[in-house]
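Keep in mind the model is a prediction, meaning the values are calculated, not measured. Below, chain A is the first sequence line, B the second, and so on; all start at residue 1. Just the heavy atoms: all of them, side chains too, but no hydrogens, waters or symmetry mates, feed the values below.
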Protein chains: 2
Amino acid sequence: MISSIAELISDRIGAMPAGERRAAQTLIANYPLIGLKTVAEFSAAAGVSSPTILRFVARLGFQNYPEFQSSLQDELAAQLQSPASRTLSPSSPGGGAVSPMLEATLDNMRETFRHLSDKQLADIVAKLADRRGKTFLIGGRFTDPLARYMAAHLAIIQPNVFHLAGQESVWRDRLIDMGKRDVLIIFDIRRYQDSLVRFAETAHQRGVQIVLFTDQWLSPIARFARHVIAGRTAVPSAWDSSAALFVVAETLIGAVTRQLEADSAKRIRELESLR
Amino acid sequence: MISSIAELISDRIGAMPAGERRAAQTLIANYPLIGLKTVAEFSAAAGVSSPTILRFVARLGFQNYPEFQSSLQDELAAQLQSPASRTLSPSSPGGGAVSPMLEATLDNMRETFRHLSDKQLADIVAKLADRRGKTFLIGGRFTDPLARYMAAHLAIIQPNVFHLAGQESVWRDRLIDMGKRDVLIIFDIRRYQDSLVRFAETAHQRGVQIVLFTDQWLSPIARFARHVIAGRTAVPSAWDSSAALFVVAETLIGAVTRQLEADSAKRIRELESLR
DNA sequence: CAAAATACGTAACATACGATACAGCGCTCC
DNA sequence: GGAGCGCTGTATCGTATGTTACGTATTTTG
């Protein structure tokens, strides 16, 4: 079976005329980036003419040059998204149903954080730690627990943290309490829930700043969000994984706590004494 | 100093209008491949118009779209040529609060699964998939969301799954419904809650099989538990991390789903039709 | 509340890109 | 050594792509 274009090339390079072979060698040597450039650049790099490049990709079985480029991009996407899985998977020979799941989850986390800059997190932390407004949290069917988890922690280190739960009509009415200074943290992954989108839209119209936790395909709520955290969710399971988002949530919780160091320490002592 | 376009974006995303921010977010979420496609595809993915994409790249300082794409390609080339740079880059900026947290969490997961045998997980899966009894889930102050998360999934693929929540008196009374064939999944990490321990003890006396999710120091409930999953919780934060337990939970959910493949598929179809 | 400024999308435009027809050259085989 | 075939490059064409101008909607400011 042939899985990559590189293999396809080395498979057929023997049956190619000289010019196309030069094209093939140039592509292999600069794989795959030269193939993403224009035909003109590719041909210049290979030292052949444009038509030769086109004949080359045609011989590989592609209908046209864009189709060839799309294939290269898809390949690249798969490679970028699971950098470790191909190198690490042989290391765990046991092959129970466990390790693929773990490996995929670890990859997801690395990948999620790779797309997440310190700056972006710092902005969110600053917003959450700036206590002039209220913080609301809400989640979808499977992500509501994440909202709860985050709310449980944030509520300890600062006042005015509210988790929105229960029937839609209940939390929809809470919109009346939300304004410009407030922050709304929403968790929403596929399949995105209409009720949440509507809620987010209304909140946005009221000037509420929205922090969205979603998957890599971005919930439509991203449209209204001030900050978007896109977590990877793909795992070898019938379900999507929220683990990466969970870890981001924990990271934020930790960072906000550190930010509010002085205040939160006092608050925690006070809470202790209440028991 | 700004070395990558991703950093450049997160640096300026705050000063962008809504549409361009949306473009920025989709690029970060699908970095960098979406930026190598055509303006039309990029704009469609971001849900904005082509000119917005062009204004976006212009704001980043590029003269035109091709120049922007070249930059992305150069970046990609550098990244592909030294695969190690990807794993090293997060550690390079001096002490962002991010990577230590992530690294610790990843370590926790690896360590947690290292102490977890396939056999042990298989036993638990078999027990959960054996549907002659009921399944109850309950958690502590911070771990209740994990119980909810697991319950939300299990309840879809099989009947008789109950999450115990609310006031102590409420779920304590549910003990009357629990018997030998039933399973009780408890989440309990430091500081262990007395109420949970008492609950577990009573359930144990009634013959309920207990599956305990706890930390490496083991909740006292371990004494009554049939299966104990000990997750690592230490991270550089004021709080303990439940991420490792979360991943174990997701793994179990996935495994049980696979086990009940036929049944659950039918159930899910039936649920879909109810909507 | 009004007015200005900013931002966004629609539509027309120009360019540059990929595709193709054709001619020249070299190679092989009779 | 000559005729035929195949490979390659030049030049041209059509089109898809990036670009820009302009009108409308939205937000901000006085």
Side-chain angles (χ1 to χ4, degrees), chain A residues 5 9 12-27 32-73 179-181 200-210 220 222-226, chain B residues 5 9 12-27 32-73:
Chain A
I5 297 181
I9 291 171
R12 303 193 186 174
I13 197 172
M16 288 183 190
E20 298 179 31
R21 192 175 304 155
R22 287 187 69 179
Q25 284 162 348
T26 315
L27 177 56
L33 280 171
I34 197 76
L36 298 178
K37 297 184 184 290
T38 65
V39 175
E41 285 177 287
F42 191 172
S43 66
V48 297
S49 68
S50 317
T52 301
I53 299 295
L54 295 174
R55 282 188 281 264
F56 162 66
V57 302
R59 192 182 297 268
L60 291 179
F62 296 98
Q63 293 299 322
N64 49 30
Y65 195 71
E67 183 183 308
F68 162 73
Q69 287 188 318
S70 292
S71 272
L72 281 180
Q73 287 190 356
K180 290 192 209 307
R181 334 192 97 166
E201 182 167 12
T202 312
H204 174 67
Q205 284 164 0
R206 294 182 63 89
V208 179
Q209 304 222 7
I210 295 179
R223 186 182 188 82
F224 315 116
R226 188 91 171 69
Chain B
I5 296 181
I9 291 171
R12 303 194 184 174
I13 196 171
M16 289 184 189
E20 298 179 29
R21 190 177 309 148
R22 190 130 197 257
Q25 283 159 351
T26 34
L27 176 57
L33 280 171
I34 196 78
L36 297 178
K37 299 187 183 288
T38 66
V39 175
E41 285 177 289
F42 190 171
S43 66
V48 297
S49 67
S50 316
T52 300
I53 298 297
L54 295 172
R55 282 189 282 264
F56 163 65
V57 304
R59 193 181 296 266
L60 291 179
F62 297 98
Q63 293 299 321
N64 49 30
Y65 195 73
E67 184 183 308
F68 161 74
Q69 288 188 317
S70 294
S71 272
L72 281 180
Q73 287 187 356

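- For DNA chain C, no neighbouring residue in residues 58-70 of chain B is found when judged by any heavy atom under 4.0 Å.
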Exercise. Begin with the C-alpha distance, continue with both residues' side-chain angles, and end with the deciding distance and a verdict on side-chain contact (heavy atoms from CB on, under 4.5 Å) for B:I13 and B:Q25.
Key: CA-CA 9 Å; B:I13 196 171; B:Q25 283 159 351; 4.2 Å; yes
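- Taking the 5' to 3' direction, DNA chain C first and last meets chain B under 4.0 angstrom from a heavy atom at C:dA7 to C:dT10.
- Applying the side chain to side chain contact (heavy atoms under 4.5 Å, CB included) criterion to B:Q69, with sequence neighbours excluded, gives B:Y65.
- Residues A:M16 and A:A24 come closest through the heavy atom pair SD-CB, 4.2 Å.
- The side chain to side chain contact (heavy atoms under 4.5 Å, CB included) search around A:R223 returns B:R22, not counting sequence neighbours.
- Here the side chains of A:T26 and A:F56 are not in contact, with every heavy-atom distance at 4.5 Å or above.
- A:K37 places none of its side-chain heavy atoms less than 4.5 Å from the side chain of A:F42.
- Taking B:P17 as the reference, B:E20, B:R59 meet the side chain to side chain contact (heavy atoms under 4.5 Å, CB included) condition, with sequence neighbours excluded.
- Here the closest non-hydrogen pair linking B:L33 and A:Q73 is CD1-O, 3.7 Å.
- Taking both residues in full, the closest heavy atoms of B:I53 and B:A23 are given as CD1-CB, 3.8 Å, listed atom of the first, atom of the second, then distance.
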Quiz item: Along nucleotides 21-30 of chain D, 5' to 3', which nucleotides get a B, which get an S, and which get a -, given that the test is a protein heavy-atom distance under 4.0 Å?
Solution: ----------
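- Applying the side chain to side chain donor-acceptor pair (under 3.5 Å) criterion to B:T52, with sequence neighbours excluded, gives B:S49.
- When all heavy atoms of B:I5 and B:S71 are compared, the pair lying nearest together is CD1-CB, 3.6 Å.
- A search for side chain to side chain contact (heavy atoms under 4.5 Å, CB included) contacts involving A:T38 returns A:A40, A:E41, not counting sequence neighbours.
- When the local axes at the two ends of the helix from C:dC1-D:dG30 to C:dC30-D:dG1 are compared, using 5 base pairs at each end, they differ in direction by 30° after rounding to 10°.
- Contacts with DNA chain C (heavy atom under 4.0 Å) in residues 35-46 of chain B: none are found.
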